[in-house]
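Notes to accompany the following structure.
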Amino acid sequence: CSNYQKALKSTDNQFKIRTIDSLYNKEKYTKAINLLEQVVPQYRGTDSAAPLALKLANALYFDRRYPESGYQFETFKNSYITSPKREYATFMVGKSLYEMAPIYSKDQAPTERAMAKFQDYINTYPNGEYADEANALTQELRLKLDKKAFEIALQYYKRAPYLNLRGGFVTAITSFENFIIEHPGSEYQDDAHFYLIDSQYNYAIRSVPVLIPERLEKAKEYYNTFATRYPASEFQEDAQDLLEKINDFNN
Amino acid sequence: SNAQRVGDIPIGDATRYKIGEITVTGAKNYNENTVVAFTGLRKGDEIFVPGERLSSVVKKLWDLKLFSDIRVFATGITGNPNDDIIDTIDLEINIVEVPTLAEVKIEGLKKGRARDLLKELNLAKGAKANENLVTNTRNFIENKYKDKGFLYADALVRIRENEDSTGQTTVDMRIDIDKGKKVKIAEINFEGNEQLSDKKLRGAMKNTKQKNFFRVLKRSKYVEDDYQADLKSVVDKYKENGFRDARIVSDTLKKIDEKTIALNIKVEEGERYYFGDINFIGNKAYTDETLQRILKVEKGDVYNGVAFDQQISDPTDPDANSLENLYQNSGYLFSRINAVETRVQNDTIDFEIRIVEDNIAYFDNVSVTGNDRTNDHVVYRILRTEPGRKYSKSDIIASIREIGQLGFFDPQNINPKIQNPSQEEGTVDIEYEIVETGASQIELQGGYGGGGFVGTLGLRFNNFSLRNIFNKEAYDPVPLGDGQSLAIRAQASTIFRTYSLNFTEPWLGGKKPVSLNVSLSHSEQFRVDPRDFRQVDRDQRFLITGGTIGLAKRLEWPDPYFQFSQAISFQHYNLKNYTTRLFNFPNGFSNNLAYTVGLSRNNVGVNRIFPTYGSSFSLTAKMTLPYSVWNGVDYENLEDNPAFQTNGMPDEAKIDQERFRFLEYYKIKFDGEWYTELANKLVLQTKTEFGFLGAYNNDRGLVPFERFFVGGDGLGAFSLDGRDIIRMRGYDNSSLTNSDDGDTVYNKFSLEARYPITLDQAASIYVLTFAEAAGSYATFRDYNPFEVQRSAGAGLRVFMPAFGLLGIDFGYGFDPVPTSLSPDPSGWNVHFIIGQQF
């Protein structure tokens, strides 16, 4: 620790670098970063610049300072085009953003940026060392976006009875329809299909009498799509019940 | 690996070469190898000359902003251009490094000002001194001072190149500033104006004003940009008065002396025009009559181009009652409205208003971005624009207001982005871009009051998340994001302590705007020697512990301005050796368990501090259970009951303890106010109030709590007993109240005319004059709504966001004070108002 204080004040760059290495190995990243930030500008334009820049980016990542580590990896990737570590840096840009991705119910800008960065990596290094991990993490992020969209639609669905007078069920129907189109392959697809039937059914039975049959017919169409596409869905039973209700209403 | 190679495209008639040697010349501070590595060019790579890759290399270097010149030369080509083998090219990259800034010196300003300016200029040591630096710096400084009215501000910027010991080139900068005198406008003269007076035209100039001793709010100064905008306002003033062809012929600025100038403006007025026939074409959704009513223009009216355009479309006012908004608020996103002059005959202009309605559009995708801290559901639930709903501009504006009112986001930074409008599908997407702001407050204060040091510690979290209270990861520094509010407050001095906790969930259950409020409080008061506040006896104390739980619901019917609320409150009073006027016993307790139900309606607008329209009503009833119906106590004859006697005499303490074990009462209050604009900006507030406290059982009697105190400034004091303090200007505080314990019936009527002096963001100020009448009655038997005390007077209100509302009223009471023996009128009273009653 006293070495760290000495190194902070020292003008001997070699001493600083030795201290950095020792701190880095002991996982004392915050202190290593402070020293690295002093040293990096001094070595700009020399052969030591690249390894130092990478060390700084790594230390920031391990210190959970992801916005900064993302920036440093990105800078590394753009500056040292011929470095063998460029592939790693390209991947770590995405990984830093991945770590910043918040819970699904908040703004997903970092999630989308992380997905784009992983895609960059996969495009540049299709058979790269980290391609599997990049794909897996992308999948995880996509699930987050799916969940966000589904939960928003579900919120409209839950409020629909209360907002009936200003078209609450139409809102739920529109939202689930959009979800189905915009999130293909999502694990919430069968849920969305089921809620779509339910919303359409509720919309129909609250309509003026002349419009009920045609709107129930639409609910039945939704049911048929659901039944053929998701025969094993956990919502099958509930959907059956809805179909019976629709048929009862018609008789 | 090959995958890294950047794609290259030949430009024009290019040749393909293999790179030989790459050299870098002109580098002083930068290593040549680094520059080469940065370009990504390598020996053996194949490139086109000229080609996309080579030019991207130059651009990449240029973007670093470290070089003032970058050239790539071919220093040698080897090989035979006529064979099939690719020739080799040697490249030289010649760079000129931008010198760095070493020292900046500012002359002609005070030290502090110079330092501030330096910060604004952003000229840190090590900044790159490129070509534009000198010009940019001079322009920045001169414009900065010109905008403040220093017309002749002059900044001389000089630079000198140095070479330091290491051979690096650096630059020193010296800035000499001569602000000159602040220039005022001595006179603004008009020439050629016959129809509109000089005074009227000067009034039209909003920011360019003549020097005048009485001008306090808007100082006279000359700012070029403002002046140009004001010249346009002069022309607009003519257009508003029918002079369609009016123009500024010339304008000159004459220097009178160092400090003053004169502006001479020559106008050409032209003819005054009138409206002729106005025809609507293409309207199917609305009739000519409806459109005509909104346009507010009839044949024969003086031609007013400005107002006419505004009635069609007014981009400055999103709430405008314009033709465009009529369509935009009812789904017609793609509608277009054009007014075309079809004929000008003498001084009469005919118009055709051509409308293309197109399809109705519906909202499709609705999204919110920028909520880094707040959960989606908190924002989505208040949006008026829902998927599948008809497009409406006013719904977007209402949504923006609702987001702003949450208090979690910067109201100036709510950006609704209309996306993917599709005429064919009849759909449109909207994305609300928002920016989080801090919504928590910490209150920590100390001060003298109530006879000693009073310390207060308060914490208020306005975007709390209760469900995350056990989720360690959500702490930042407290769990936030669900739109709930949590306030904790502790206040203590030598003679009292109060603790309170308040929690509100605005959308209980998440489906409807039903708000749940839970509050708990505890207070302790100790006996103090009134002559020496340091003599506190903690064995004589009065404890009050209580809580309230309430639900409030915004109603959809009869209209969304209605709110229905219910609450249950409980207070436990505990006395030990403590005598107060409230009870006839020094040791004992009392419970106040009550249910409150209220219905209110409020559509007062638009400014909370200075409403100009709308009304607000509220009717509440607070009641306890009628315990005496079943508890079998014969309250009338308690005095004769030996259990309530001491030595054969009735014991007041025992009797009161029995009467107040559980308080029994009901209380009804009504409050109504209306706002009407009498003339431009002059607003009349009409207000009426009524309050009544009753007992279910006359033998048990009226409780000494929850009573009304009428008279004075209406400011609430530290009160323990649920009292209502009613303002009545022109009389002393509580002077209309007949009974020492407070009265049980009151009513009040008042008229107040208000006129704003300024309604700025920084401060709203208005003057008022009032006439009011109020009566307070000990019991309902004394009630006579016409037996009231009257007063009139005038006052002033100042609202500043940092201080809240401050005010002073001078009121004259016309009637004698009922509680005084003097038959004279109450006379003049001065009332100070702090932080209440808008």
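The chains referred to below are lettered A, B, ... by the order of the sequence lines, with proteins before strands, and numbering in each begins at 1. From a predicted model like this one, the values you see are computed outputs, not experimental measurements.
Interface residue B:Thr374: only backbone heavy atoms are found under 4.5 Å from chain A. Interface remark: A:Tyr162 contributes side-chain atoms only to the contact with chain B (heavy atom separation under 4.5 Å). For B:Lys390, no part lies near chain A; criterion is any non-hydrogen pair under 4.5 Å.
Between the side chain of A:Asp107 and the backbone N or O of B:Gly370 there is at least one donor-acceptor pair closer than 3.5 Å.
B:Asn415 is linked by a side-chain contact (heavy atoms from CB on, under 4.5 Å) to B:Lys417, B:Glu433, counting only residues two or more places apart in sequence or in another chain. Qualifying side-chain hydrogen bond (donor to acceptor under 3.5 Å, both in side chains) partners for A:Asn78, counting only residues two or more places apart in sequence or in other chains: none.
For the set A:Ser79, A:Gly167, A:Pro102, the count of heavy-atom pairs under 4.5 angstrom toward chain B peaks at A:Ser79. Chosen from A:Arg166, A:Glu182, A:Glu151, the residue pairing most often with chain B at heavy-atom distances under 4.5 Å is A:Arg166.
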- Task: Give the intermediate values and the outcome of side-chain contact (heavy atoms from CB on, under 4.5 Å) for residues B:Arg389 and A:Val170.
- Result: CA-CA 8 Å; B:Arg389 282 192 83 184; A:Val170 175; over 6 Å; no

- Task: Please step through side-chain contact (heavy atoms from CB on, under 4.5 Å) for the pair A:Tyr156 and B:Tyr380, ending with a clear verdict.
- Result: CA-CA 9 Å; A:Tyr156 286 128; B:Tyr380 280 84; 3.6 Å; yes

- Message: Does A:Leu163 form a side-chain contact (heavy atoms from CB on, under 4.5 Å) with B:Lys511? I'd like the steps, not just the answer.
- Response: CA-CA 9 Å; A:Leu163 296 178; B:Lys511 291 178 190 168; over 6 Å; no

- Item | Intermediate values then yes/no, side-chain contact (heavy atoms from CB on, under 4.5 Å), B:Trp507 and A:Arg159 | CA-CA 11 Å; B:Trp507 284 64; A:Arg159 286 174 53 208; 4.0 Å; yes

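Residues A:Ile81 and B:Gly40 approach most closely at CD1-CA, 4.2 Å, considering heavy atoms. A:Ser105 approaches B:Asn375 most closely through the heavy-atom pair OG-OD1, 2.6 Å.
Counting only heavy atoms from C-beta outward, the side chains of A:Lys106 and B:Asp372 never approach each other to under 4.5 Å.
Under the 3.5 Å distance criterion, with hydrogens and angles disregarded, no donor-acceptor pair is assigned to the side chains of B:Asn33 and A:Asp47.
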